[in-house]
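We number each residue from 1, following the sequence as shown. Predicted model, so just to flag it, every value in this text is computed and none were measured.
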Amino acid sequence: ADRALWQQSCTLLLEMRFRSMNPFAGTCALAAVACYKAAQHEEAGRIMEKLWSASGRRLDCIDCGTVFTRFQNAGLWQEALAFLEDMRLRRIDPDAYAYNNVMAASRKVNDFSVAPMLLQSMRQEQVQVDAWSYSQAIDASNALATWETSLEYLRELQETQVEGNSVILSAAITACQLGQQPQMARQLLKTARRQGIGPDAQAYTAAITACGTASLWDSALEVLQDMRAAECEPNLFSYNAAMGACQAALEWERALSLYFSLGRAHLTPDTTSYNLLLSSCARCSQREQVEWLVQRMYQQQLSPDEVTFNCLSSLLTERRDREDFLRRLKAAGLRPDVRTYNPMISACAESQGWEEAVTIFDEMMANEVAPDIKSHNRLLDVCATTASWTVVLSLFEELKRAGHTNTATVNTCIGACASASNWLGAIRLLDRMEKDGPSPDVISYNTALHACRHEGVELAVNMLSRMQACGIDPDVVTFNTVMSSNAEHWEWVLALLANMDQRGLANGRSYRVALCALIKENQLLVALNLLQQMHAKSLPLDTGSYNYLILALLRVGASEWAVHLVQRAIADKVFVKVRPQFLDLHGMSGPVARFCLLLTLRDEALRASSKPLKVITGIGKHSDGAPKVKPEVLSVCQELRLPARLSQDEGSVQVSSKHLTSTLAGQVQRLLSEQELRRHYASLPLIDWDEAVQVAEPAL
């Protein structure tokens, strides 16, 4: 059945018939496969037609199953699907085995749209769907990143009481991983154990990866522990998945502990294991651990790959360290290449600055290592981060003359202009891209839009039109940026948001940009309605948006709505939950912290608490400049003539219980009246639009 010998296949088939040997269905299918592979479709069609007419008997499901197996092994899913239609035309009802083989054939050629379609056909034709059918449909949905569909198939399988297996379980947990649903993955494992379906190592590993993807490293380690308790021996993939979860959370000590567990489990770490460990230690500046791991890696005779070089080189910002590293690299019989130098250039963004990055680039050239396009782009990135936009453009012109530019290079320069508020420079670079190349992409236009966001809606809409004229579809970042440039026309912003919803593009950031626009224009009822829509869509509201909206409500004296929003922020874990005798103001702006302090003082005074009230203010570590919350707390205490004692670290204030009296409750209630709230908060600026949009927009 080799496609190069398709003629011989056909000749042998003819000889069998000449000798009165009636070929089996599978034999005919083999000859047809050879013809299909050689693009001899007419000959293949004749063979399949003779299969129906010259077999000497009516084909049954077993014969057809053999044909499907041949097609499935060859990955000929379209031909298998055509044979399925032929069966229906000849009144032979295909069974689950036939459908499953077509699904398997389509999977072999990575066409994942077929399995869900065939599963739907099986339901319509009332073919009994088995576990294998569901397994392939779940796998296909995972490959298409439609994890919700995968879990829907799993629920349907459980309702139809089709007996599941570990393969289906692994596929379903992989869907949880794709959808970042770690709790659901762990629940599936528990359900499988109750039903007697012993989860295998693949299922547990998928659950560990799901926890790691959601940054739940502790849950990942718990699943690994559950795996051992269930007497399912973890394999190297399981340990690597757990190390990956620790690496993402910068838990380098936990990752090293897992490394030592490998030896006790009689498993040998591979390059991936070492790369995860090196990344964990390098990101936490654990140089001694990095050196020890490199030695262990060489002792095991494992060859470092690009990830290894990235982990090591990112620590080398000092020239002396680089020279020592390069000497040791050569002593180990390895020649430094572009993978060695590129991370060194990137590391300069956080340390020495653009001059040192240029020095490394020169060293690279001196050592006869030819820089690639990534080298040039990383150099530009460092300059864009640590130097002025004029330096970036000067370097860009040099690279352009040398022919070392691509779309990403120009995008970096546009970004540098945007960071320096040089919107005219960004537009000129975009004009050059449209005229002389390289062709702009969606990032080019988004970055230019970001640079022009303060220059009025006309320029933003014009940019959007140019983008569509070039055949580039706007994405969610495009629309979010256009919305942020037109805050004063809130009706237009809401119309654009509705358009994004219709396109399926709107996300949490889109709604937050629109919410900020409504707050800025003092459209509080509309803003509250939009907040309800966000809640219905399970879209989270960030710290800044909660603070802005609560402040806007306080400016008009709407204390009941402000209290409701504070409670919702606590439920969303944006603010810290209030407990008796304890108030944590982290996450709150100064004005909102004042309001929450007044509420707590009133409640504690009415309760006549016998214990002091502790108020956590923080020390301003997460504030730009001076602390913003503590001055508000001290101001309230001074206004109420309330003695307050600062903690030693000055991160908290304590109010004695003897001052929490009914008299204090009356004073505070007066400050919480609508008139007093209006008087105090009306003079405060409503919203810093730039700060609000910076929170709401994704990084470009």
Side-chain angles (χ1 to χ4, degrees), residues 215-216 218 249-250 512 531 535 540-554 559-640 642-661 664-665 667-669 671-672 677 680-681 684 688 691-692 695:
S215 302
L216 299 173
D218 48 350
L250 300 181
R512 290 196 290 271
L531 185 65
H535 186 67
L541 197 62
D542 62 297
T543 307
S545 302
Y546 266 120
N547 280 313
Y548 295 139
L549 187 50
I550 293 169
L551 174 58
L553 292 167
L554 292 173
S559 59
E560 290 184 6
W561 268 107
V563 170
H564 173 71
L565 281 183
V566 168
Q567 292 171 344
R568 177 172 287 185
I570 291 171
D572 289 346
K573 298 182 179 179
V574 174
F575 295 164
V576 181
K577 186 177 180 180
V578 180
R579 304 196 304 270
Q581 298 95 42
F582 184 85
L583 174 63
D584 192 333
L585 300 175
H586 276 102
M588 301 180 192
S589 64
V592 174
R594 172 191 167 91
F595 177 65
C596 290
L597 175 61
L598 290 173
L599 291 174
T600 306
L601 283 172
R602 182 195 63 187
D603 294 343
E604 290 294 324
L606 290 173
R607 195 183 292 120
S609 176
S610 60
K611 294 181 180 179
L613 172 65
K614 186 175 183 179
V615 182
I616 306 296
T617 63
I619 56 175
K621 183 178 178 181
H622 303 290
S623 303
D624 296 330
K628 295 182 174 63
V629 172
K630 187 189 296 181
E632 288 284 351
V633 173
L634 296 177
S635 172
V636 168
C637 292
Q638 186 177 3
E639 190 175 349
L640 294 170
L642 195 62
R645 184 165 60 87
L646 287 172
S647 63
Q648 286 185 346
D649 60 0
E650 298 188 350
S652 65
V653 174
Q654 189 165 295
V655 179
S656 174
S657 59
K658 68 180 181 180
H659 299 294
L660 300 174
T661 62
L664 177 67
Q667 290 177 289
V668 173
Q669 188 60 46
L671 294 177
L672 288 171
L677 288 175
H680 178 81
Y681 286 101
L684 299 179
D688 183 336
E691 183 183 346
V695 171

Checklist entry - Who are the side chain to side chain contact (heavy atoms under 4.5 Å, CB included) partners of Ser635, not counting sequence neighbours? => result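 Result, side chain to side chain contact (heavy atoms under 4.5 Å, CB included) vs Ser635: none returned.
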Checklist entry - Listed by chain and number, what are the side chain to side chain contact (heavy atoms under 4.5 Å, CB included) partners of Ile616, not counting sequence neighbours? => result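 With sequence neighbours excluded, Ile616 shows a side chain to side chain contact (heavy atoms under 4.5 Å, CB included) to Phe582, Asp584, His586, Lys614, Ser652, given in chain and number order.
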How about [X] and [Y]: do any of their side-chain heavy atoms sit closer than 4.5 Å?
X      : Y      : answer
Leu664 : Gln667 : yes
Leu531 : Leu549 : yes
Phe575 : Asn547 : yes

Checklist entry - Taking it one step at a time, do Ser545 and Arg512 satisfy side-chain contact (heavy atoms from CB on, under 4.5 Å)? => result CA-CA 7 Å; Ser545 302; Arg512 290 196 290 271; 3.7 Å; yes
Checklist entry - Can you name the residues that form a side chain to side chain donor-acceptor pair (under 3.5 Å) with His659, not counting sequence neighbours? => result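 Testing His659 for side chain to side chain donor-acceptor pair (under 3.5 Å), a comparison that skips the adjacent residues, returns none.
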Checklist entry - Taking only residues two or more places apart in sequence or in another chain, which ones pass side chain to side chain donor-acceptor pair (under 3.5 Å) with Asp218? => result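 Here no residue qualifies.
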Please set out all donor-acceptor pairs under 3.5 angstrom arising from side-chain atoms of residues 588-604, sequence neighbours excluded.
unit_1, atom_1, unit_2, atom_2, d
Arg594, NE, His680, NE2, 3.3
Arg594, NH1, Glu639, OE1, 3.3
Arg594, NH2, Glu639, OE1, 3.4
Thr600, OG1, Cys596, O, 2.9
Arg602, NH1, Gln669, OE1, 3.2
Glu604, OE1, Arg607, NH1, 3.3
Glu604, OE2, Gln581, N, 3.2
Glu604, OE2, Arg607, NH1, 2.6

Specify the closest pair of heavy atoms between [X] and [Y], including all atoms of both residues, with the distance to one decimal.
X      : Y      : value
Leu585 : Val633 : CD1-CG2, 3.6 Å
Ala562 : Leu554 : CB-CD2, 3.8 Å
Tyr546 : Leu565 : CE2-O, 3.8 Å

Next on the checklist: Going by the rule ring-ring contact (aromatic ring centres under 6.0 Å, His included), which residues pair with His564 if we only count those two or more places apart in sequence or in a different chain?
Outcome noted: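 In terms of ring-ring contact (aromatic ring centres under 6.0 Å, His included), with neighbours along the sequence ignored, His564 is linked to Trp561.
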Checklist entry - So, the side chain of Asp542 versus the backbone of Gly544: is there a donor-acceptor pair under 3.5 Å, distance only? => result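 Yes, because the side chain of Asp542 sits within donor-acceptor range (under 3.5 Å) of the backbone of Gly544.
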